[in-house]
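Have a look at the structure below before the remarks.
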Number of protein chains: 2
Amino acid sequence: MKNHFPFPAVGQSRAIVERVTPEIDGGRFATKAIINETITVEADILIDGHDNLAARLLYKHESDKNWSEVVMSSMGNDRWVGRFTAAKQGFYTYTVEAWVDHIASWQHEVDLKVRDGQHLKVEMMQGELFLNGMAKLAKGDDKKAIQEAAKAMGNESRYNEAIQIAMSDQMHEWLTKYPERQSAFRYQELKLYVDREKAGFSAWYSMFPRSAAREVGKHGTFKDVEALLPRIAEMGFDVLYLPPIHPIGKTHRKGKNNTVNAEEGDAGVPYGIGSEEGGHTAIHSELGNLADFKHLVEECKKYDMEIAMDLAIQCSPDHPWVKEHPDWFKILPDGTIKYAENPPKKYQDIYPVNFETEDWKNLWQELKSVIMTWAEWGVRIIRVDNPHTKSFCFWEWVIAEVKKDYPDMIFLAEAFTKPKVMQQLAKLGYTQSYTYYVWRTSKAELIEYMTELTKGEMRHFFRPNFWPNTHDIDPYMLQTGHEPLFLIRYFMAATLVGNYGIFGPTYEYMYHAPYPGKEEYAFSEKYEIKWWNWEHRNKLTYVISQVNRIRKENTAFHSTNNIDFCEIANEQLLAYLKTASNGNRILCITSLDGYNRQGGFVKIPLWKIGKNEWESYRVHDLISGATYIWKGDTNYVELDPNILPFHLFRIEDI
Amino acid sequence: MKNHFPFPAVGQSRAIVERVTPEIDGGRFATKAIINETITVEADILIDGHDNLAARLLYKHESDKNWSEVVMSSMGNDRWVGRFTAAKQGFYTYTVEAWVDHIASWQHEVDLKVRDGQHLKVEMMQGELFLNGMAKLAKGDDKKAIQEAAKAMGNESRYNEAIQIAMSDQMHEWLTKYPERQSAFRYQELKLYVDREKAGFSAWYSMFPRSAAREVGKHGTFKDVEALLPRIAEMGFDVLYLPPIHPIGKTHRKGKNNTVNAEEGDAGVPYGIGSEEGGHTAIHSELGNLADFKHLVEECKKYDMEIAMDLAIQCSPDHPWVKEHPDWFKILPDGTIKYAENPPKKYQDIYPVNFETEDWKNLWQELKSVIMTWAEWGVRIIRVDNPHTKSFCFWEWVIAEVKKDYPDMIFLAEAFTKPKVMQQLAKLGYTQSYTYYVWRTSKAELIEYMTELTKGEMRHFFRPNFWPNTHDIDPYMLQTGHEPLFLIRYFMAATLVGNYGIFGPTYEYMYHAPYPGKEEYAFSEKYEIKWWNWEHRNKLTYVISQVNRIRKENTAFHSTNNIDFCEIANEQLLAYLKTASNGNRILCITSLDGYNRQGGFVKIPLWKIGKNEWESYRVHDLISGATYIWKGDTNYVELDPNILPFHLFRIEDI
């Protein structure tokens, strides 16, 4: 009989492994984790019939030769689980292997038959065969003990002893340690990328270095920024993010408030990158030179701070690439280069790079070399401007390339766009991503969004970075300039997720004047230099310092997905619990109302904090120092926004 | 600069296609459909930036050389949809292709700029290039028209005309018909298997042919079954399923009520297959010979009925395979063959086949040849006994093999086991599957289970076949013998899903005596011959005839997934709407209470039946003939189980 289809390779295989989690798009993309994180892998594992099955989670780091193994255990309903610790940075591979466990099935059968009073002759003969097989895999004392057990099984006069062995925990231990692994089914290999700690826990301070001067009318320099480091460190930030620091183009330069033509003396937009002085690997001379920049990078380390650079892949008409590689841009039928447009608006100061160029390989190499150059300068964090307007496949390639040489490199995607595009960028390798946080203001919106980020599939690949403002966004809510609202929006950004940032000093000094009708700042620093009174301290700077200190001291804040919202029957109060495996338990309660007192009963999921209904525990407000003794799951809280619109409680045993 | 990772093949590609549905387990398994069904394919499609994109659904039947194409359209949120009709049986392949549509982007830009009053010189030059490219793809009149349009674009003196063309629907039609398709992204190829109509719509009657004799004390024969065909056809069934018809083993034969040792004259269990007379391709001589069986198969066709055979892969100790291929069974260390056990219970009359045998290829071939032999006898439906205790990979191979030669073949999986195992069998190729229906009795259970089957992923691969009883299951609910309950359980099986069956005449004659304490029949026909008064007619036989006739006449019953439950504020009333694309609309309302009158207001989703709040429509009870005029979405119904515990309404326009 002729067959239409070939036989499978292992027709005797009886196990099936499927629906492994985490798995992104059928294994197309890597799952993300932070170093030393526990990775929980689950799978549906099926075999035909009623035999026992055995399953192992296999994993190896890219630097490992051999697989490490973990015994998986059943969770019921054919779901199995195993866990391992991601102890090294870089790529891991993991998969699941399963097989019919004939020896365990046999042990189970022996047990049932012995209870039924049957005499088990052939079963003991079978046991002898199994044990002899095991002995071949075992070594040392185990080998001897197993061989001895095999002898007992094979000797009718030692029947009672043999039965004892067959039913023993020792036997079960052996069969787990030396499995037959006959016709095992192995699932496809999945990828995991492990980042350094800062990828999951960071506090960003964003500022324009040209506004760093103390003296009004002067262009700020890297030296001026260095002088501000103690102030920024005092507030507790650990990433200092600078918009582009490269030469700014002169052709079609924009003026103040994004006006079309700059006037004499206008500083220009740092995003109009490139002039005769150079492009993405040159330094805007008014900020200093390369040595100054490198000095700033080094100086930051003293404050446990890192510089984040801004990668904006676009050029001013004066950028060297325009002359050297006009084919990297879109050339129109009349021979001119296509400038950026959002019809009918024209942005003649910007040439977008054309990722569809025939010369794409050289373009990619050049862009990679920009990042590699920055890396050589000591930079390990890059915020990418509008990555969603550049080719997806480029990002996947360049991020992998750079991280191979610089595994510490962190890429933050500044994509404020459609949800699936933002997710795609994260899947392609972005370490962190901007989010919709700035537009999520009601309780329902915040809970829904946080649930999507931390409980759904996104938790495996999308690391949110929450910003209550940016240099592009002056949110409507803050345009009032009302202090409690600045406190609330800051507090939630800093405590809901592991990574967050503010655009300062605009934020802490509550600058809020909008460009009329828009969610943008009037007299934005994007288009002009500003001078600040850097000595000024206020409630915001105090609260920021406190919250950042508390974040560092409490490991519950070092992760994002460890959040659970608590019931509280007041639409203006939001309560959430963050818990860490070391026992650190934080309860945040914030008012969303910046104007009125709000109170309500908060219900704590006691099993999450390891308490019973009748147990008392202390809630310790780490900002005010106040402590309260609570009992049971339901307790009253009240917040006055004019005092402080939130509680930051640590839950402590008494 | 040396790269770690190779460049992708098409670095200029800017489109991404992902999350295509239907897709089972990343494309590992085929989706199922019925011939002439409309297949709806959706995908997430992304490009970077703000250009337009174009997407096509590609599909081809295994007999087609080239892809057919359907233009996909946007559903919002980056989700796209396309549809095609599965017009042939067998395998289809389908996938999704997408690319940046530069011409559509250009058209959109032109439109915005014209509205802004700009003069578009370079844009018209660009248009000329686009149109010249299109002209190369076009033929005949289109080609001429496009060339002419290109000329207009290239001629400054025809500017107004060129702008008209650029913004025209004709231009849009051309760019859709002759797409650039530059650096297109094509998703992986997915599979679809298309079955004949009976795979999705069938009414099964199951009976033991040995109980078909009219004369008490006689062994029924295929001739006796033939004599019953008019009766079964009158009731409206179209599949006649017979438990195994092969020689029955004598060694350790079971007696009445599954007693261990048969007495002289006991007929044995048809599932104890094989004797010196032969095995799975032989006929039990007391039923007739092969010619008689083939005659029965032919005779069924006259009544639009088909025979379903029962494939039980297991052997009596007397089966020829035991002598010829002892290595196809599990041989114990003492040289004996392992019989079936469920410790401490022993089933010495049954040898399970060992799918782990070294000789698995020959075993698979032999099992395939059994089915192929039955196919040569004219059989096109096979009910498989306990498929979940046989190797998964065998089923995948053998079903594909057989269907390649006999695409009409239908396989029904009789697996009453864990949910994921039942799903796996369906994924591997089973056409239909037994379900938990017999144990889903409350309103909440029924709605939950139906929702799982028809609204979740299972709807793409798992075709439920509902049985209110089987020869193995005498459900507790029916052990009362209460007629309304038999009517209710029958009615729901026949109207909730497309495929259903009953074990008769036990069901229609309401035989219900249980084996004490079990959900099994006392004096089960599995272990002995029964004689029935085949002339008897009752309320059940009448209702069954009516319901099967109505099922055939109303296309809304020919599918399973076209169901929507209706609100009705009574836990004892279940209401559901079934709608077909030809306008057929059926409303079923059944009481779950076999004892008391139940009434309530049913709320019809009016948009599903194409009515407005103020429109009247007729509900026509197709069983009783009664009609009612209803208006709006909420109307009162009342059911008296002693009259009839359900309404089967057709919704008709007035």
Side-chain angles (χ1 to χ4, degrees), chain A residues 1 3-5 7-8 11-14 16 18-19 25-27 44 46 48-50 77-78 109 112-113 115-116 118 121-122 125-126 129 182-183 332-334 336 341-344 355-357 360-361 364-365 368-369 372 388-394 397 400-401 404 418-421 424, chain B residues 1 3-5 7-8 11-14 16 18-19 25-27 44 46 48-50 77-78 109 112-113 115-116 118 121-122 125-126 129 182-183 332-334 336 341-344 355-357 360-361 364-365 368-369 372 388-394 397 400-401 404 418-421 424:
Chain A
M1 193 159 37
N3 292 334
H4 301 288
F5 297 98
F7 285 115
Q12 293 144 301
S13 173
R14 292 171 50 202
I16 303 250
E18 52 176 28
R19 304 199 186 190
D25 294 357
D44 281 359
L46 316 173
D48 65 83
H50 308 288
N77 193 24
D78 294 322
E109 239 184 75
L112 292 169
K113 288 177 180 174
R115 284 166 202 274
D116 190 49
Q118 298 180 22
K121 194 179 165 202
V122 71
M125 291 166 76
Q126 182 66 65
L129 291 176
Q182 215 178 68
S183 310
L332 293 170
D334 65 355
T336 61
E341 288 184 279
N342 183 12
F355 281 87
E356 289 174 331
T357 174
W360 60 274
K361 287 185 187 175
W364 288 21
Q365 287 289 14
K368 176 187 162 188
S369 82
M372 296 297 278
H388 57 292
T389 60
K390 284 90 197 174
S391 128
F392 293 121
C393 54
F394 164 69
W397 178 82
E401 278 291 310
K404 193 82 184 171
K418 300 178 290 179
K420 288 172 187 171
V421 172
Q424 185 67 30
Chain B
M1 193 159 39
N3 292 333
H4 301 288
F5 297 97
F7 285 116
Q12 294 144 302
S13 173
R14 292 170 51 202
I16 301 250
E18 54 177 27
R19 303 198 187 190
D25 293 357
D44 282 0
L46 317 172
D48 65 84
H50 306 288
N77 193 23
D78 295 323
E109 241 185 73
L112 293 169
K113 289 176 179 175
R115 285 166 202 275
D116 190 48
Q118 299 180 21
K121 192 178 168 201
V122 71
M125 290 166 77
Q126 182 67 67
L129 292 176
Q182 215 177 66
S183 310
L332 293 171
D334 65 355
T336 61
E341 287 184 281
N342 183 14
F355 281 86
E356 290 174 329
T357 174
W360 61 273
K361 288 186 186 174
W364 287 23
Q365 288 287 14
K368 176 188 161 187
S369 82
M372 296 297 277
H388 56 292
T389 59
K390 285 92 200 172
S391 130
F392 293 122
C393 53
F394 165 69
W397 178 82
E401 277 292 310
K404 193 80 183 173
K418 298 178 290 180
K420 289 172 187 172
V421 172
Q424 185 66 30

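To find a chain, count down the sequence lines: A is the first, B the second, and so on, and within it residues start at 1.
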Side-chain (Trp397(B)) to main-chain (Phe5(A)) donor-acceptor, under 3.5 angstrom: yes
Answer with side chain, backbone, both or neither: which region of Phe355(A) has an atom nearer than 4.5 Å to a non-hydrogen atom of chain B? backbone
Would you call Lys420(A) and Asp78(B) a salt bridge, using N to O less than 4.0 angstrom? no
Going by atom types alone, do Gln424(B) and Asp44(A) pair a side-chain donor with an acceptor below 3.5 Å? no
Non-hydrogen atoms of chain B under 4.5 Å away: do they reach the side chain of Asn77(A), the backbone, both or neither? both
Contacting moiety of Asp25(A), where chain B heavy atoms sit under 4.5 Å: side chain
Which bit of Glu356(A) is near chain B, if near means a heavy-atom gap under 4.5 Å: side chain, backbone, both or neither? both
Under 4.5 Å heavy-atom distance to chain B, tell me which part of Arg19(A) shows up: side chain, backbone, both or neither. side chain
Let me know if Thr336(A) has heavy atoms under 4.5 Å from chain B in its side chain, its backbone, both or neither. neither
Sort Leu46(A) into side chain, backbone, both or neither according to what part of it lies under 4.5 angstrom from a heavy atom of chain B. both
Non-hydrogen atoms of chain A under 4.5 Å away: do they reach the side chain of Lys390(B), the backbone, both or neither? backbone
Heavy-atom cut-off 4.5 Å, strictly under: side chain, backbone, both or neither for Gln118(A) against chain B? side chain
Which portion of Ser391(A) sits near chain B, non-hydrogen atoms under 4.5 angstrom: both
Heavy-atom pairs under 4.5 Å with chain B - which of Ile16(A), Val421(A), Leu332(A) has more of them than the others? Ile16(A)
